[in-house]
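Each ligand, and each atom within it, is numbered from 1 in the order the structure gives.
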Amino acid sequence: MSSRQDEPVPQEPHKEAGSPACPAQWVGAAGTAQDPQSRSRHVTEVVSTGPVRHPRTLPATCLGPARLPQPVGAPGGSQLCSLPDPRCPQVQRVLQPLSLSLQQLSRVQHHMLAAMEAGLRLRKGAHTVPMLPTYVRSTPDGTERGSFLVLELRERDLRVLRAELGGSQEAQLKDRIFAVPQDLREGKGEKLFDFMAKSLCQFLDDLHIPATSHQLGFCFPFTCITTGLETSKLQSWSKGYSCSGVVGRDVGQLLQAAIQRQASHDINVMVVVNDTVATMMGCRLGTKPCEVGLIVGAGTNSCFMEEARYVESLDDNEGRMCVNTEWGTFGDTGAMADILTTYDEHVDAGSLNKGKHRFEKLIGSLYLGEIARLLLVQLAQDKALHAGGTTPQLRTQVGAVPPQCLLQKLGLQPSDPDCFTVQQVCLAVVTRAACLCATSLAAMLTHMRKNRELPQLDVCVGPAAFFRPRFRQTLLEMTKKLAPECTATLVSAVDDSRAQGVAVVAAVALRLEAQRREVDQLLQPLRLAPRARQQVQALLQCEMERGLRQETHAQASTRMLPTYVRATPDGSERGDFLALDLGGTNFRVLLVKLRSREAGGICMVSEIYSIPPEVAQGPGSQLFDHIVECIVDFQTKQGLWGRTLPLGFTFSFPCQQKSLDQGILLNWTKGFTASGCEGKDVVELLREAVRRKNQFDLDVVAIVNDTVGTMMSCGYDDPNCEVGLIVGTGTNACYMEELRNVEAVPGAEGRMCINMEWGAFGDNGCLDEFFTHFDAQVDRVSLNPGKQRFEKLISGMYLGEIVRMVLVELVEKELLFQGRPCPALQTPGIFPTKFLSTIESDGLALRQASAVLQNLGLAASVEDALLVRKVCQVVSLRAGQLCGAALAAVAEKIRDNRGLAQLAVTVGVDGTLYKLHPHFSQHVQQTVKELAPRCTVTFLQSEDGSGKGAALVAAVACRIGAHVCHLPGH
Ligand code: 0WK
Ligand code: BGC
């Protein structure tokens, strides 16, 4: 049977305790002063720790004319937390322990910073502050909409609101306040939650709010461990609350259960928010959201937007996470022993939570009055106040009162000097509170600046009400002194901001959830399920078989081209060789000297030359003339004139070979379209160009594909290397196939290296179900639509374009950059694949992503940067998995060929994407492990490129006498 006591009685809105006549809050609420007149929805007062525009002082009336304390930081003010020098030395002596020097404050700041960093780590140190993740991952961006119920449990009352968020318009609020009697605050927890649920239902009934389902945000200003927006387990009560049966329980569920017990309204407790978070989310400066929430009221606490990767307890450490510091508990393990005074110990001993929230007890208004009273008692005992007279009231705990009234209320007849002394005491207590609050704010800002790797930090701070000018001035100037590289702009708001903040947390959560669902839907086609990966592997195995067999070769999309490379190097190769390497990012000419290992093994000199697009896409003769010019330049530089060295030509395009030194170009790929080459023997084209130059001879011994060159180059170090893989501008692979399976080449003995040309896999439509509309767009605008379709899902020439297409669609759907037009993204090639490597690199990724977007003229929020990173990750993961599935098909083919239960094989790899992308190689390797579990595949990155491999092929050919020199006189 609920007692009258627990019946919620709505209060006159906002009639705060204490009459306006008596500036009650002098000592009470240190920093804050509620101006009951200002009922306007949003009064923003902006003060920053930028340069002091003009020193503010307290109105003289308060402190007496002459001996006003020097504002902090003013010239000559050494003792930072300076105290007025009362003529009375006793007052000086009693107040001395409250005045903290800059060294002491910096030490507190330093300890606080260390405690904050320790709090973020999984293994907590001795002195930590909790640093609790709140699962608020984004600040409002002005698009929040929706109507929410808000329940705000406060020091002495409960506020129930309905907030209508309308994007940039001001939130419409209806509210009611219900006093929370002391016995409820210190009684059974269930009673408190029933009271809250009842108040909620009464609010809905009284305001005839239609019976629909309501989303509720619960502002619960106590230390909670949060594991999601809706789940917060109470760690400890404070600020006069001590209900039983709640600590360790999920307060969101307790409230939900209490609401269900009311059985009158359909209300879902959607988010449980700490008051600092609500404050931060409810404040903004124009379009700039606050990234710090600061509470200095009955208690003190703060929160800030932390880089999630520093919150070790988080699994998904992408982006940002609002962290509730719970700095009120700082010093609970003795970190402040050197500044705590006996008065502080006394206050703590008399508090409901002895030994806890020590820092809060130096700043929160719940405690300052008590500290002041104890100082006054001390002063009275030292005959420095009221001629040493005290009264029973002064000796027992009292609330915050003005000096005159205070002493009269305490049955004392104060003299003017007494009033002045009381003011000094109050000033000392408040100034110390402001200075200590500044140490923690400075520590937090410094932490943020360091973690964001910024030379300067400039953030908006949402304090939960007006700070008293002196408190605010001391707080801001001391913060500036302790953290000169940080500028904090205080954006105060009347207490609606907190309630609005709770609604905004719910709205942002809904916005992010809706966005996440839409983004996942859009990206879904780019995700490859395990079944799809197996399918790709099986499809390629099928295409390989068809490519090798004469009767199906023409239909196969993978042309499985014989290379006439029958053996990998055995280390006995010797001699000097020229090599050309065309088809990758760079064109290289190399001199490769093969010696015995004792004589140094292989030494190479090479020169990189560019192939300008107009040469790669001009007349073929021009291209080969350009190649010859480069050879001439190289020979000159290397003093090779007069020597005709055997040459290996790495030509990284699909060539039908009838012998080692003959290769008919089937079709250009990778941005090459030089005319008059396709269908021609490129070795002949080169020889013609040499003849045109008519200055020297070339002895082309072998033309090899870059995959073959890579396999040979790695095979020189690892004889087990029987597969060559390139994932660079283009992609392809080769491997040592049993000659018996290579129907295009007579003979059944031994093996031959097959250039798979897997870039064309799917050109016959066998992969169509894996092509998304993004891929179709990329293919459509490519130089060779319909061709190299597998390559266009994987290689460096195309991944950036796929990402660009996805970003364009995300902007169109207003899921990125809030739908702001991004002309830059309409430009083909504007998002090269190297951006993926930058954006996906670990560590500073988000800053990299923002920097990349910035350079494209795209102002990105943290969410935008996160989303762009996600798109890059999805596109590169798919590419790595497709490449891995294809490689698994090759490994399984070799294992199958050899009838082995288990195969161990090495893959020689080259290509900028494989080598430089931070995660691509892992994606490939993991997929190979998944799809070819009976193959142990070792990946060997080629250090010297395939030019060395081409020279080795030439050397092997020369060694086994397979090469007939075409030169006159040979
Ligand atoms: C380096 C090799 C070259 C190959 C290239 C592929 O020496 O033969 O074509 O890798 O990688 P890309 O330069 O296209 O990234
Ligand atoms: C070419 C292959 C080459 C691969 C890697 C593809 O576009 O068709 O011959 O091996 O790129 O460079």
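Here the closest non-hydrogen pair linking His923 and Gln881 is CB-N, 4.4 Å. The two residues Cys655 and Val682 have their closest heavy-atom pair at SG-CG2, 4.3 Å.
When each atom of ligand 1 is checked for a heavy atom of Gly728 under 4.0 Å away, the hits are 11 (O), 12 (P), 14 (O), 15 (O). Listed by number with element, the atoms of ligand 2 under 4.0 angstrom from any heavy atom of Ile726 are 5 (C), 12 (O). Short contacts between ligand 2 and Asn705, defined as distances under 4.0 Å to a heavy atom of the residue, involve ligand atoms 2 (C), 3 (C), 9 (O), 10 (O). Close approach of ligand 2 to Gly730 (heavy-atom distance below 4.0 Å) involves ligand atoms 5 (C), 11 (O). Within ligand 1, the atoms closer than 4.0 Å to a non-hydrogen atom of Ser652 are 9 (O), numbered from 1 in the order shown. In summary, the atoms of ligand 2 found under 4.0 Å from a heavy atom of Phe653, numbered by their order in the structure, are 9 (O). Within the listing of ligand 2, atoms 2 (C), 3 (C), 4 (C), 9 (O), 10 (O) sit less than 4.0 angstrom from a heavy atom of Asn732. Atoms of ligand 1 lying under 4.0 Å from any heavy atom of Gly945, numbered from 1 in the order shown and given with element: 7 (O). Taking a cut-off of under 4.0 Å to the non-hydrogen atoms of Thr669, the atoms of ligand 2 that pass are 1 (C), 6 (C), 7 (O), 8 (O). Of all atoms in ligand 1, numbered sequentially from 1 with element shown, those under 4.0 Å from a heavy atom of Thr585 are 12 (P), 13 (O), 14 (O), 15 (O).
Counting heavy atoms closer than 4.0 Å to ligand 1, residue Ile726 contributes side-chain atoms (C-beta onward) but none from N, CA, C or O. When heavy-atom distances to ligand 1 are checked against a 4.0 Å cut-off, Thr729 comes that close through both its backbone and its side chain. Here Thr731 has backbone heavy atoms under 4.0 Å from ligand 2, and that is the only part of it that gets that close. Residue-level proximity to ligand 1 for Ser946 is carried by backbone and side chain together, each with a heavy atom below 4.0 angstrom.
No heavy atom of Gly709 sits closer than 4.0 Å to any atom of ligand 1. Proximity of Gly584 to ligand 2 is not established, as no heavy-atom distance is less than 4.0 Å.
Inclusion of Thr650 in the set of residues having an N or O under 3.5 Å from an N or O of ligand 1 is not warranted. In terms of polar-atom proximity, defined here as any N/O pair under 3.5 Å, Asn586 makes no such contact with ligand 1.
Side chains of Val928 and Cys935 form no contact here, defined as non-hydrogen atoms less than 4.5 Å apart. Residues Phe696 and Gln635 meet the side-chain proximity criterion, which asks for heavy atoms closer than 4.5 Å.
In terms of protein heavy-atom proximity, atom 15 (O) of ligand 1 is closest to Thr912 OG1, 2.3 Å. Annotation: atom 10 (O) of ligand 2 to nearest protein heavy atom, Asp706 OD1, 2.5 Å. In this structure, atom 1 (C) of ligand 2 lies nearest to the protein heavy atom Ser652 O, 3.4 Å. When hydrogens are left out, the protein atom nearest atom 5 (C) of ligand 1 is Gly584 CA, 4.2 Å; that is the closest non-hydrogen contact. Among all non-hydrogen protein atoms, the one lying nearest atom 11 (O) of ligand 1 is Gly911 CA, 3.1 Å. Protein heavy atom in closest approach to atom 9 (O) of ligand 2: Glu757 OE2, 2.5 Å.
Around atom 2 (C) of ligand 1, the closest heavy atom drawn from Asp581, Leu580, Asp706 belongs to Asp581. Of the candidates Glu791, Lys787, Arg559, it is Glu791 that places a heavy atom closest to atom 7 (O) of ligand 2. In this structure, of Val727, Asp910, Val704, the residue bringing a heavy atom nearest to atom 10 (O) of ligand 1 is Asp910.
Residues Lys792 and Asn784 have side chains that bring a donor and an acceptor to within less than 3.5 angstrom of each other. Residues Gln535 and Glu769 have side chains that bring a donor and an acceptor to within less than 3.5 angstrom of each other. Donor-acceptor pairing under 3.5 Å is recorded for the side chains of Ser652 and Asp706. Inspection of the Ser557 and Glu543 side chains reveals an N or O donor paired with an N or O acceptor under 3.5 Å.
A donor-acceptor pair under 3.5 Å links the side-chain atoms of Thr833 to the main chain of Gly800, judged by distance alone. Of the possible polar contacts, none joining the Ser946 side chain to the Gly949 backbone as a donor-acceptor pair under 3.5 Å is found. Asn732 places a side-chain N or O within 3.5 Å of a backbone atom of Trp758 that can act as its donor or acceptor partner.
Of the charged side-chain nitrogens involved, none lies within less than 4.0 Å of a carboxylate oxygen, so that Glu791 and Lys670 do not count as a salt-bridged pair. Ion pair Glu688/Lys693 not flagged as a salt bridge, since none of the NZ, NE, NH1 or NH2 atoms sits closer than 4.0 Å to an Asp/Glu carboxylate oxygen.
Just one of His917, Arg869, Gln848, Gln873 meets the side chain to side chain donor-acceptor pair (under 3.5 Å) condition when paired with Glu840; it is His917.
For Phe651 and Trp668, the ring centers are positioned less than 6.0 Å apart.
For the atom pair Asn705 CG and Cys734 SG, the distance stands at 7.0 Å (nearest 0.5 Å).
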